[in-house]
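Contents: one structure, followed by commentary.
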2 protein chains.
Amino acid sequence: MRSNSKTNSWEASRPVKLVDIAKLANVSIATVSRSLAGSDRVSNDTRDRVIFAAEKLGYRANRHAVSLRKQRSRVILVMIPDFANHNFAQLLIHMDRAAHRAGYEVMIAHTGDDTLQADSLADELFAGGIAGIILTSSYCPPRVRSLLLSGKQLPVVRTLSPTGRDERITSVQIDEIAAADEIVTHLVEQGHRRIAHLAGEKTQLVAMQREEGWRRSIDRAGLKDAGVIYRGFRVEDGRAAARELVEGEDLPDAVFIASDSAAFGFVSELRLLGVSVPDQIAVAGFDDVSFSELFTPPLTTVHLPRQAMAERAVDTLVAIIEGGEPEGYSFIPHRLVVRESSFRHG
Amino acid sequence: MRSNSKTNSWEASRPVKLVDIAKLANVSIATVSRSLAGSDRVSNDTRDRVIFAAEKLGYRANRHAVSLRKQRSRVILVMIPDFANHNFAQLLIHMDRAAHRAGYEVMIAHTGDDTLQADSLADELFAGGIAGIILTSSYCPPRVRSLLLSGKQLPVVRTLSPTGRDERITSVQIDEIAAADEIVTHLVEQGHRRIAHLAGEKTQLVAMQREEGWRRSIDRAGLKDAGVIYRGFRVEDGRAAARELVEGEDLPDAVFIASDSAAFGFVSELRLLGVSVPDQIAVAGFDDVSFSELFTPPLTTVHLPRQAMAERAVDTLVAIIEGGEPEGYSFIPHRLVVRESSFRHG
DNA sequence: TTGTAAGCGTTATCAT
DNA sequence: ATGATAACGCTTACAA
């Protein structure tokens with residue numbers, strides 16, 4: 001048990017409660033509550049007096065009392081695998097804003113290494129502690145997953161990361177396959193012929209979809225499979241892939257890399273190995289994080305519409321929470337960003 | 001008012017409550033509560049039966065009921081000016097972890113453009129909604145500030161950003177002046193003579209302290225003031241400064257830039273203008289965000305010990321919340337990171 | 001060792 | 001239009 005001394009060093013002045021306002025305004029607490037809630041069953045005069053008193057005392061409702069009584073929380077849990085990744089950080093800004101607009105607060109659960117804490121937070125969905133959950137990776141807390149699979153509708157929405165049809169999670173995403181297809185087609189149009197792919201891990205749906213897009217594009221162009229390296233989305237994965245590629249027979253003309261972070265590592269390691277981008281190998285990434293345009297060379301990539309996804313995800317979730325019908329899937333348009341890293345060499 | 005239909009599309013199965021466990025285990029609610037709390041005033045047999053029942057039903061305590069009854073929340077509010085900035089994103093990861101370790105949850109308030117929402121959240125400190133506040137910028141919510149200034153002790157800690165002595169906020173920070181001094185001294189030792197400074201805004205304490213460090217270093221070395229440009233900490237500020245500098249008389253040997261982000265913009269814009277770093281101008285930044293080493297050229301900078309600061313800030317706050325004595329200031333050691341951007345040209 | 005009951009601050013139902 | 005009062009789910013004296 002945690003120490004629970006009664007002598008807090010910060011003398012906690014007693015919070016202002018309804019009863020304090022009631023006394024000051026000379027009405028009952030019921031009337032105070034109604035006035036503050038903007039009910040029309042109060043005389044204008046009384047309401048004004050109450051509101052004045054409330055402001056004078058600096059009243060702030062106790063969220064726990066309200067949530068307990070109303071049996072409904074105004075907290076949305078956002079499950080994030082990695083804060084440090086720009087994708088998630090930016091998503092968070094926009095979710096926070098959208099949530100506030102709708103009258104909700106955002107709480108974060110980090111699903112990084114250890115999901116226990118996060119799962120426990122998510123379970124509060126069933127205890128009324130939180131109103132809904134936004135998933136941003138392929139991860140889904142076990143209890144939520146099993147209920148979802150049993151056909152139950154829950155206030156749970158996934159965004160950023162794609163959702164398999166059989167997962168039954170309301171989803172806000174881009175068309176990953178089409179996006180990958182488009183950017184690889186851009187490489188083809190630049191004149192590149194041997195286009196390899198640095199993919200994510202084979203177990204990840206998002207990686208599989210981006211690979212599928214790459215494959216469709218080279219098939220359509222009648223190009224030969226120049227090889228796939230399965231690694232991951234992090235900087236280090238890109239570095240490792242670069243070393244592997246340089247050790248191999250002959251270099252491809254271009255590489256489509258499934259994430260910008262990996263692309264940074266890839267290009268950076270190639271430079272160390274004396275291979276220059278795009279002169280010797282052209283590169284295209286995926287995500288368009290803020291550093292992509294500052295990178296040398298500036299990275300050609302797919303821009304993830306993070307703001308639109310975040311807002312749509314929140315709005316969808318709020319709609320479900322407040323009794324609407326979940327829509328299943330909704331797709332957000334993506335955008336190609338062509339920069340120097342993909343330019344034809346020579 | 002928000003629509004509040006009673007027919008939620010997700011049939012909310014009634015949450016499991018203590019009374020459900022009580023029935024299943026054939027004991028009173030009080031005994032259930034005691035068992036789950038690990039009280040020693042319960043027989044082992046009963047406790048086991050209760051815990052078994054609780055797990056079987058998938059019980060999760062209602063946080064609002066607990067907080068209301070215990071008159072103490074387990075939520076820490078972290079006020080962040082900008083999620084997208086790596087500094088804050090990383091800080092958040094570590095705070096989240098440290099908070100969970102101590103049994104708290106983290107809630108985020110974005111103090112970006114509009115502080116109203118954030119202030120309102122912060123005010124919950126006085127209504128019992130949150131247990132304490134961590135500030136990460138110079139911003140401090142008005143009500144908190146005025147109470148602090150009146151000499152009151154509050155569970156409020158600032159980190160990352162320095163605190164003025166007169167602010168009376170418990171603070172976890174690095175020695176900004178010393179750090180700036182050291183990195184400028186490194187530039188001096190590289191042989192640079194005309195060392196300019198790209199500072200933040202004049203109104204910001206952190207900018208003033210870094211400028212002070214720069215000034216001390218060049219004074220000690222007996223160098224002339226090669227000029228200060230006051231802009232800001234963002235990429236765009238760095239770009240603008242680069243243009244201003246190139247338009248001026250003659251270029252300095254080196255520039256100490258008060259933030260890595262601004263340094264990215266500065267170097268990037270210089271490249272566009274045909275000035276190369278570090279060949280024509282050496283550059284040193286401040287922060288050591290994750291891109292700093294991927295940047296071209298890799299950036300010499302001061303590493304902010306984000307993890308240590310985050311953990312110390314949380315621990316300090318928790319100590320105050322739980323009745324300890326606030327320590328005032330505590331300093332975390334920083335570290336110089338020397339990379340190519342500061343190398344002597346020629 | 002266990003049960004009974006009061007109460008945390010708020011909202012909502014029922015009177016008046 | 002307003003006031004009394006019963007919940008909301010939980011913890012914790014106090015009783016047994």
Side-chain angles (χ1 to χ4, degrees), chain A residues 1-2 4 6 12 14-23 25-51 53-54 57-74 123-124 126-131, chain B residues 1-2 4 6 12 14-23 25-50 53-54 57-74 123-131:
Chain A
M1 280 245 93
R2 173 153 297 105
N4 208 341
K6 272 169 186 180
R14 198 173 60 65
V16 180
K17 300 179 296 186
L18 288 187
V19 61
D20 303 314
I21 304 174
K23 271 175 198 148
N26 233 326
V27 287
S28 71
I29 54 173
T31 300
V32 175
S33 177
R34 277 188 292 253
S35 303
L36 262 27
S39 157
D40 49 357
R41 305 177 84 76
V42 194
S43 78
N44 287 332
D45 183 53
T46 313
R47 178 175 26 250
D48 292 348
R49 219 170 58 243
V50 167
I51 290 178
L57 295 175
Y59 173 76
R60 192 88 233 289
N62 179 310
R63 77 157 55 207
H64 303 298
V66 174
S67 290
L68 179 59
R69 175 59 233 235
K70 286 201 181 168
Q71 289 290 81
R72 116 198 199 57
S73 161
R74 299 201 74 86
D123 279 351
E124 288 201 32
F126 311 109
I130 60 172
Chain B
M1 281 244 95
R2 177 152 294 103
N4 208 342
K6 272 172 188 179
R14 199 173 61 66
V16 180
K17 301 179 296 186
L18 287 188
V19 62
D20 303 312
I21 305 174
K23 271 176 199 147
N26 231 328
V27 288
S28 73
I29 305 183
T31 301
V32 175
S33 176
R34 277 188 291 253
S35 303
L36 262 27
S39 157
D40 49 358
R41 306 177 83 77
V42 193
S43 78
N44 287 332
D45 183 54
T46 312
R47 178 176 25 251
D48 293 348
R49 218 169 59 242
V50 167
L57 295 176
Y59 173 75
R60 191 91 234 289
N62 180 310
R63 78 157 54 209
H64 302 298
V66 175
S67 290
L68 179 58
R69 173 59 233 233
K70 285 201 179 168
Q71 288 293 81
R72 116 198 199 55
S73 160
R74 298 201 75 84
D123 278 351
E124 289 202 32
L125 184 60
F126 311 108
I130 60 173

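Below, read A as the first sequence line, B as the second, and so on, with proteins coming before strands; counting in each chain starts at 1. Quick caveat: nothing in here was measured; it's all calculated off a predicted structure.
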Could you tell me how far apart [X] ([atom1]) and [N] ([atom2]) are, to the nearest whole angstrom?
X	N	atom1	atom2	value
A/R49	D/dT2	CZ	C1'	11 Å
A/Q71	C/dG9	CD	P	18 Å
B/K23	C/dG3	NZ	P	15 Å
A/R72	C/dA12	CZ	P	11 Å
A/E124	D/dC10	CD	C1'	14 Å
B/H64	D/dC10	NE2	C1'	13 Å
A/N44	D/dA1	CG	C1'	11 Å
B/R60	D/dG9	CZ	P	16 Å

What nucleotide, of [options], holds the atom closest to the side chain of [X]?
X	options	value
B/V66	D/dT2, D/dC10, C/dG3	D/dC10
B/A30	C/dC8, C/dT4, D/dA4	C/dT4
B/S43	D/dT2, C/dT1, C/dG3	C/dT1
B/L68	D/dT11, C/dG9, C/dT10	C/dG9
A/A61	D/dT11, C/dT10, D/dT12	C/dT10
A/N62	C/dT11, C/dG9, D/dT12	C/dG9

### D/dG9 phosphate, OP1 or OP2, under 4.0 Å from B/Y59 side-chain N/O
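Result: no.
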
- Query: Hey, is the side chain of A/T31 poking within less than 4.0 Å of OP1 or OP2 on D/dT2, counting only N and O atoms?
  - Reply: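 For D/dT2, OP1/OP2 do not have a side-chain N/O of A/T31 under 4.0 Å.
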
**Message:** To the closest 0.5 Å, what do you measure between CG (B/L125) and CZ (A/R60)?
**Reply:**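 Here the rounded value is 11.5 Å.
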
Base C/dA12 paired with A/R69 side chain (donor-acceptor, <3.5 Å):
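It does not, because no donor-acceptor pair links the side chain of A/R69 to the base of C/dA12 below 3.5 Å.
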
Does A/S73 use its side chain to pair, donor to acceptor, with the backbone of A/S67 at less than 3.5 Å?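 No: the side chain of A/S73 does not pair with the backbone of A/S67.
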
Review point. Where the side chain of A/D20 meets the backbone of A/K17, is there a donor-acceptor pair that is under 3.5 Å apart?
Key: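 Such a contact is found between A/D20 side chain and A/K17 backbone.
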
Looking across every strand, which nucleic acid part, if any, lies under 4.0 Å from [X] by heavy atom: base, sugar-phosphate, or nothing?
X	answer
A/T46	sugar-phosphate
A/S33	base
B/V27	sugar-phosphate

Find out whether A/L36 and A/L18 are in side-chain contact, i.e. whether some heavy atom of one side chain is under 4.5 Å from a heavy atom of the other.
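Touching, per the 4.5 Å side-chain cut-off.
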
Are any non-hydrogen side-chain atoms of A/R34 and A/T31 less than 4.5 angstrom apart?
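Contact flag for A/R34/A/T31 side chains = yes.
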
* Asked: Which heavy atom in A/I21 sits nearest to a heavy atom in A/A53, and how many Å separate them?
  ->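 Minimum heavy-atom separation between A/I21 and A/A53: CG2-CB, 3.9 Å.
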
If each of B/R34 and B/A65 is mapped to the nucleotide of DNA chain D with the nearest heavy atom, which maps nearer the 5' terminus, i.e. the 5' end?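 The residue mapped nearer the 5' terminus is B/A65.
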
